[in-house]
Amino acid sequence: MKEEEERNRWRWWEEEKYEKGVKWKFLQHNGPYFPPEYQPLPNNVNFYYNGKKVKLSLAAEEVALFFAQMLAHEYTTKKVFRQNFMKDWRKEMTVEERSLIKDLDKCDFGKIHAMHNDKVEARKQMSKEDKQVLKDANEKLVTEFGYCLLDHHKERIGNFKIEPPGLFRGRGEHPKQGMLKKRIQPEDVTINCSADSRVPVPPAGHHWKEVRHDNAVTWLASWSENIQGLTKYIMLNANSKLKGEKDWEKYEVARKLKSRVDDIRNGYLRDLKSKQMGSRQRAVALYFIDKLALRAGNEKEEGETADTVGCCSLRVEHITLHEQLDGNECVVEFDFLGKDSIRYYNKVPVIKKVFKNLKMFLENKQPGDELFDRLSTTVLNKHLSSLMPGLTAKVFRTYNASITLQQQLKELTNMSDNMSEKLLSYNRANRAVAILCNHQRSPPKTFEQSMANLQVKIDARKEQLALAKTELTQAKKEAKAKGKSDSKLQT
DNA sequence: GCATTTACTTAGTAAATCGATG
DNA sequence: CATCGATTTACTAAGTAAATGC
């Protein structure tokens, strides 16, 4: 498989470009792979309501299993999650079930949860051979559904599987967490391929929602998701021509910004004292986006998503101004939830003009009011693209991340370094970028245990050390005593 | 030398950006 | 101007390989 992919790699960047907007001329694939149908619980695994065994209908049982599987997860203790789950679960119930099952606290999924745990455990304990069987089956799926033909080159599809049904897990305080993500049928799926290709065959007894031939887009299939009504897509993976070319272009724009950034910075520094309030807000926002690598911050519909913000959507409550802090002047303290509800906390000294403007923007506003009330991402990006074609707010993040990596690599590495030293520098350089971009991951659940293990080791070593020390002093004493006696002997 | 732990990789999918559309 | 479609970005969890412990 690996060698085949190697052989199939071609220098796509040397190929001629299509006319604007055309993404491909030929596209053929086998459609998405659908998750297997629900398998009912065995008869000896039961759900209990109010202490009494209740045999659930197939639809209700499937959703109950979704919840039972997550029982160990913190999600299932959250009020919003439980409410949303209950509401959607009840929709799947029969009339009788619905009249009986009204209180989640009276539901006992213990047996179902135990069965699930056993399954997970059994999977872990599987023999090498059985694991290989599973692996082979998966490989077969990849061979069948994992590739497409795009302009006569075989390309790997990034996500060829239809997302299975389950309970929606938003990130942060998502108002829709726990809602039922419904099973997708072929009838929900739109296929995109070229007119002269072999159209994928839907699963037996089913038909596609639509088959279209739109070569202005890169997706192979799409469907609408029931939680937020967004469209989901089947697309190529990151090392395909389509994605790679786009990525290349992205960095080209960032490189272009490198050559123009001095002018652009002077521009927004000038705008800090503009007569127009809108221009001043734009200038301060740009200052943040450039200096702190903040995201643009589109406005979001309230109640549909977690309450997160970016630069343009910052509210008064998200910043605190300090004339003086830790020996610095004009410090802005940021504290807000960004993308994925990741907290951004930073205390940044800013130039006087920015500080003054901020004070002005805050005048007569409530904590919940927008900091930049005369600014939107649309306005900001319009302005940026007038300064340089292709320039948008996110380009600053790409540019600043890239230039930071470049600078750090230069600073940290020496020509004479060996491989592991270079790797260390590379990792350190990347860490600097991660700090700039506020990239972080939550510690894994095993973290605490690992730390405890380490502490045990540390303690053991300390004990060893202490023991060795006493032994050392003891040995010294003895040596001294012996030396004295030796010297005595000598004379 | 096998079992357990840790580190790294990949899959899965949610959540952003941003231009187009009505 | 609000909504939507397409695409990128980014997290988490699962899976796998490497390292370490017994």
Side-chain angles (χ1 to χ4, degrees), chain A residues 21 23 35 70 73-75 120 123-126 128 131-132 134-135 138 141-142 146 156-164 166 168-172 174 176-177 181 190 192 214 216-220 222 224-225 227-239 242-243 245-247 249-251 289 293-301 304-313 337-342 376-382 384-385 390-398 401 423 427 434 437-447 449-454 456-457 460:
Chain A
K23 306 290 169 61
M70 290 180 74
H73 205 288
E74 201 206 334
Y75 271 115
V120 170
R123 211 187 154 85
K124 273 191 216 155
Q125 300 302 322
M126 262 192 316
K128 231 180 176 172
K131 278 187 181 167
Q132 191 58 43
L134 238 56
K135 218 177 159 183
N138 189 53
L141 272 188
V142 175
R156 185 78 145 80
I157 300 169
N159 58 326
F160 60 88
K161 289 176 178 172
I162 294 282
E163 292 176 18
F168 175 77
R169 309 148 80 123
R171 298 205 248 269
H174 197 116
K176 300 199 168 186
Q177 63 187 104
K181 190 165 104 173
T190 298
N192 192 34
D214 182 358
V217 295
T218 67
W219 52 269
L220 319 189
S222 71
S224 172
E225 153 273 333
I227 305 287
Q228 329 210 48
L230 301 171
T231 318
K232 299 267 188 165
Y233 301 93
I234 301 283
M235 286 185 186
L236 297 187
N237 83 346
N239 48 31
L242 274 176
K243 296 281 185 184
E245 212 161 38
K246 207 66 195 303
D247 218 35
E249 281 168 18
K250 174 184 79 183
Y251 287 109
I289 285 170
L294 299 191
R295 296 187 182 82
N298 284 301
E299 48 275 53
K300 319 203 296 176
E301 214 182 326
E304 290 293 301
T305 60
D307 179 20
T308 63
V309 296
C311 186
C312 293
S313 49
L337 297 181
K339 183 179 179 178
D340 298 309
S341 294
I342 300 290
S376 70
T377 53
T378 311
V379 168
L380 179 66
N381 282 333
K382 281 248 172 69
L384 288 175
S385 70
L391 187 63
T392 63
K394 79 196 262 287
V395 179
F396 282 90
R397 243 171 106 82
T398 309
L423 189 63
N427 285 332
C437 292
N438 200 229
H439 285 154
Q440 40 191 290
R441 60 180 171 164
S442 62
K445 281 190 265 302
T446 52
F447 179 77
Q449 187 54 51
S450 316
M451 283 316 263
N453 290 348
L454 284 177
V456 168
K457 277 189 206 169

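Each chain gets a letter, A, B and so on, in the order the sequences are listed, and its residues count up from 1. Because only heavy atoms are used, hydrogens play no part in the values below, and waters and symmetry mates are left out as well, while side chains stay in.
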Margin query: Strictly below 4.0 Å: does A:Q228 bring a side-chain N or O up to OP1 or OP2 of B:dA15?
Written below: yes

Next item on the list: Can you figure out which of C:dC11, B:dA14, C:dT8 approaches the side chain of A:K243 most closely?
Entry: C:dT8

Next item on the list: Between protein and nucleotides 16-22 of chain B, map the contacts as a letter string: B base, S sugar-phosphate only, - none, heavy atoms under 4.0 Å, written 5' to 3'.
Entry: SBBS---

Next item on the list: Please determine if a side-chain N or O atom of A:T218 lies less than 4.0 Å away from the OP1 or OP2 oxygen of C:dT7.
Entry: yes

Margin query: How many whole angstroms separate atom NE2 of A:H174 from atom C1' of C:dC11?
Written below: 15 Å

Check: OP1 or OP2 of C:dT9 less than 4.0 angstrom from a side-chain nitrogen or oxygen of A:H439, does that happen here?
Finding: no

Next item on the list: Answer with base, sugar-phosphate or nothing: what part of the nucleic acid does A:F168 contact at a heavy-atom distance below 4.0 Å?
Entry: sugar-phosphate

Checklist line | Results of side chain to side chain contact (heavy atoms under 4.5 Å, CB included) for A:E299 - residues two or more places apart only | finding: A:S376, A:T377

Note to self: In the structure I gave you, are the side-chain heavy atoms of A:I289 and A:L380 within less than 4.5 Å of one another anywhere?
What the structure shows: yes

Item checked: Phosphate OP1/OP2 of B:dA14: any A:K232 side-chain N/O under 4.0 Å -> yes

Note to self: Under the rule for salt bridge (Lys or Arg N to Asp or Glu O under 4.0 Å), what residues qualify as partners of A:R169, not counting sequence neighbours?
What the structure shows: none

Item checked: Listed partners of A:T218 passing side chain to side chain contact (heavy atoms under 4.5 Å, CB included), at least two apart -> A:K23, A:M235, A:L242

Item checked: C:dA6 OP1/OP2 closer than 4.0 Å to side-chain N/O of A:K246 -> no

Next item on the list: Round to the nearest Å and state the distance from A:W219 atom CH2 to C:dA6 atom P.
Entry: 6 Å

Margin query: Could you work out, with side chain to side chain contact (heavy atoms under 4.5 Å, CB included) as the rule, every residue matching A:K176, not counting sequence neighbours?
Written below: A:F168, A:H174, A:M179, A:I227, A:E304

Next item on the list: Take the protein atom CG of A:L423 and the nucleotide atom C1' of B:dA7, then report the distance between them rounded to whole Å.
Entry: 13 Å

Margin query: Has A:N438 got a side-chain atom pairing as donor or acceptor with A:L294's backbone, closer than 3.5 angstrom?
Written below: no

Next item on the list: For A:R171 and B:dA14, give me the distance from atom CZ to atom P, rounded to whole Å.
Entry: 8 Å

Next item on the list: Identify, with sequence neighbours excluded, every residue that meets salt bridge (Lys or Arg N to Asp or Glu O under 4.0 Å) alongside A:D214.
Entry: none

Notebook entry, point to check: So do the side chains of A:D307 and A:K300 get within less than 4.5 Å of each other, counting heavy atoms only?
Noted result: no

Check: Step by step, would you call A:L236 with A:I157 a side-chain contact (heavy atoms from CB on, under 4.5 Å)?
Finding: CA-CA 4 Å; A:L236 297 187; A:I157 300 169; 4.2 Å; yes

Notebook entry, point to check: A:E74 CD to C:dT12 P: how many Å, rounded?
Noted result: 12 Å

Pick out the pairs of N or O atoms, protein on one side and nucleotides 1-4 of chain B on the other, that lie under 3.5 Å.
none

Note to self: Tell me whether the side-chain N/O atoms of A:R123 come closer than 4.0 Å to OP1 or OP2 in C:dG15.
What the structure shows: yes

Checklist line | Residues that A:K382 engages under salt bridge (Lys or Arg N to Asp or Glu O under 4.0 Å), provided they are two or more places apart | finding: none

Note to self: Between A:K135 and C:dG15, is there a contact of a side-chain N or O with OP1 or OP2 at under 4.0 Å?
What the structure shows: no

Notebook entry, point to check: Starting at NZ of A:K124 and ending at C1' of C:dA17, how long is that distance when rounded to a whole Å?
Noted result: 17 Å

Next item on the list: Measure the distance from CD on A:Q440 to P on C:dT9 and round it to the nearest whole Å.
Entry: 19 Å

Margin query: Nearest heavy atom decides the nucleotide; on that basis, is A:D247 or A:Y233 closer to the 5' end of DNA chain C?
Written below: A:Y233

Check: A:P164 near the nucleic acid: base, sugar-phosphate alone, or nothing, with a heavy-atom cut-off under 4.0 Å?
Finding: sugar-phosphate

Checklist line | ring-ring contact (aromatic ring centres under 6.0 Å, His included) involving A:Y75 - partner list, sequence neighbours excluded | finding: A:H73, A:F81

Check: Does A:K23 place a side-chain N or O at less than 4.0 Å from the phosphate oxygens OP1/OP2 of C:dA6?
Finding: no

Check: Is A:H73 near enough to C:dA13 that one of its side-chain N or O atoms lies under 4.0 angstrom from OP1 or OP2?
Finding: yes

Notebook entry, point to check: Taking CD from A:Q125 and P from C:dG15, how many angstroms apart are they, rounded to a whole number?
Noted result: 14 Å

Next item on the list: Could you say whether A:V217 or A:N438 is positioned toward the 5' end of DNA chain C, judged by the nucleotide with the nearest heavy atom to each?
Entry: A:V217

Item checked: From B:dA11, B:dT13, C:dT7, nucleotide with atom closest to A:R156 side chain -> B:dA11

Item checked: Side chain of A:M235 (C-beta onward), nearest among B:dA14, C:dT8, C:dC11 -> C:dT8

